[in-house]
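What follows is a short report on a single structure.
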Amino acid sequence: MLELKNVHKSFGRNEVLKGVDISVEKGDVVVILGPSGSGKTTLLRSINFLEKADKGTIVFGDIEAKLENASKHDIRAIRKKSAFVFQNYNLFHNRTALQNVTEGLIVARKVPKAEAVEKARKALDKVGLSDRYDYYPSQLSGGQQQRVGIARAIAVNPDVILFDEPTSALDPELIGEVLNVMKELAKEGTTMIVVTHEMTFAQEVANKVIFMDGGVVVEEGPPGEIFTRPKEERTKQFLRRII
Ligand code: ADP
């Protein structure tokens, strides 16, 4: 469904992605692991052109484009097929939970207002916020704000949801409620790519784990393999440190 080939990206002299390939099937829950600075977020952001890669190819459903010079038309089409969940939620502070979810539907996808409101309510219900439609972000806990972020992503019914360390800004006691929502989405067959340090989530929910280090994919496989019998020394070291 989604393939990235030979992705390269530098920031100045800092070569952050050095020829990364990944491939994602429909229904996959892919977790990308790796030490801080290994290029995970940059890779995720380059999928929907939040970051412009220097080189590489993306194949997303029926679209194939060069990451470095994709047409506006292809970029728009790829953005429509994907939704991004940010580490810091990225909500509009002067809009309610409901308005945060309807905004993208109405503005970017031209969904009529009444239909957008209905879709937004359904998405908020799904993440357990049916009693918070009219709350502003400042009136919500971090976990609730991130659930609004997830509702905003599911409301547009994307082919894939990209999660960039969705729980890393949260107090420990709020992480579970966000991971539970993500688990539910996974159970329903939502295709997800998740950059996270939550090892239990990776072990229990992912069907594919990609370990990155130094701008390359070092190793990938089902969690049962990566966590219990990693092949590469760098993977072993990382897991020893983190688990
Ligand atoms: P990870 O998600 O694995 O922690 P990132 O993709 O966030 O890694 O970052 C990889 C490297 O790229 C880091 O050295 C980071 O400082 C650098 N980097 C990321 N974004 C930018 C940017 N916008 N400008 C300059 N350097 C950046």
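The residues of the chain are indexed from 1 along the displayed sequence. These numbers were taken from a predicted model, which means no experiment stands behind them. Both ligands and their constituent atoms are indexed starting at 1 by order of listing.
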Do T42 and E51 have side-chain N/O donor and acceptor atoms under 3.5 Å apart? no

R234 vs E219, salt bridge (Lys or Arg N to Asp or Glu O under 4.0 Å): CA-CA, chis, key distance, verdict: CA-CA 9 Å; R234 277 197 278 178; E219 185 166 357; over 6 Å; no

Do any non-hydrogen protein atoms sit less than 4.0 Å from atom 15 (C) of ligand 1? no

In the complex you have, is atom 5 (P) of ligand 1 within reach of the protein, judged by whether a heavy-atom distance drops under 4.0 Å? yes

Option among R95, R109, K119 that satisfies the salt bridge (Lys or Arg N to Asp or Glu O under 4.0 Å) test with E103: R95

Do ligand 1 and T41 have nitrogen or oxygen atoms that lie under 3.5 Å from each other? yes

Before signing off on this row, confirm whether F11 and ligand 1 have an N or O atom pair separated by under 3.5 Å. no

Testing E68, K66, K5 for side chain to side chain donor-acceptor pair (under 3.5 Å) with T57, which one passes? K66

What is the nearest protein non-hydrogen atom to atom 3 (O) of ligand 1, stated with its residue, atom name and distance? K40 NZ, 2.7 Å

Tell me, which protein residue and heavy-atom name are nearest atom 9 (O) of ligand 1, and how many Å apart are they? T42 OG1, 3.9 Å

Heavy-atom proximity to atom 8 (O) of ligand 1 ranks first, among S36, S46, G39, for G39

Does K236 NZ have over 12 foreign heavy atoms under 6.0 Å away? yes

Note: ligand 1 atoms sitting under 4.0 Å from heavy atoms of P35 are 3 (O)

Report the part of V16 (side chain from C-beta onward, or backbone N, CA, C, O) that has a heavy atom under 4.0 Å from ligand 1; answer both or neither where that applies. side chain

So for L43 against ligand 1, with non-hydrogen atoms under 4.0 Å, the contacting part is neither

Does the salt bridge (Lys or Arg N to Asp or Glu O under 4.0 Å) test come out yes or no for R240 and E233, once each step is laid out? CA-CA 11 Å; R240 268 202 296 271; E233 192 50 41; 3.4 Å; yes

Note, N207 side chain near E25 side chain (heavy atom, < 4.5 Å): no

Is there a heavy atom of S38 sitting under 4.0 angstrom from any atom of ligand 1? yes

Can you tell me if G215 has a non-hydrogen atom under 4.0 Å from ligand 1? no

With rounding to the nearest 0.5 angstrom, report the CG to CD1 distance, L170 to I175. 6.0 Å

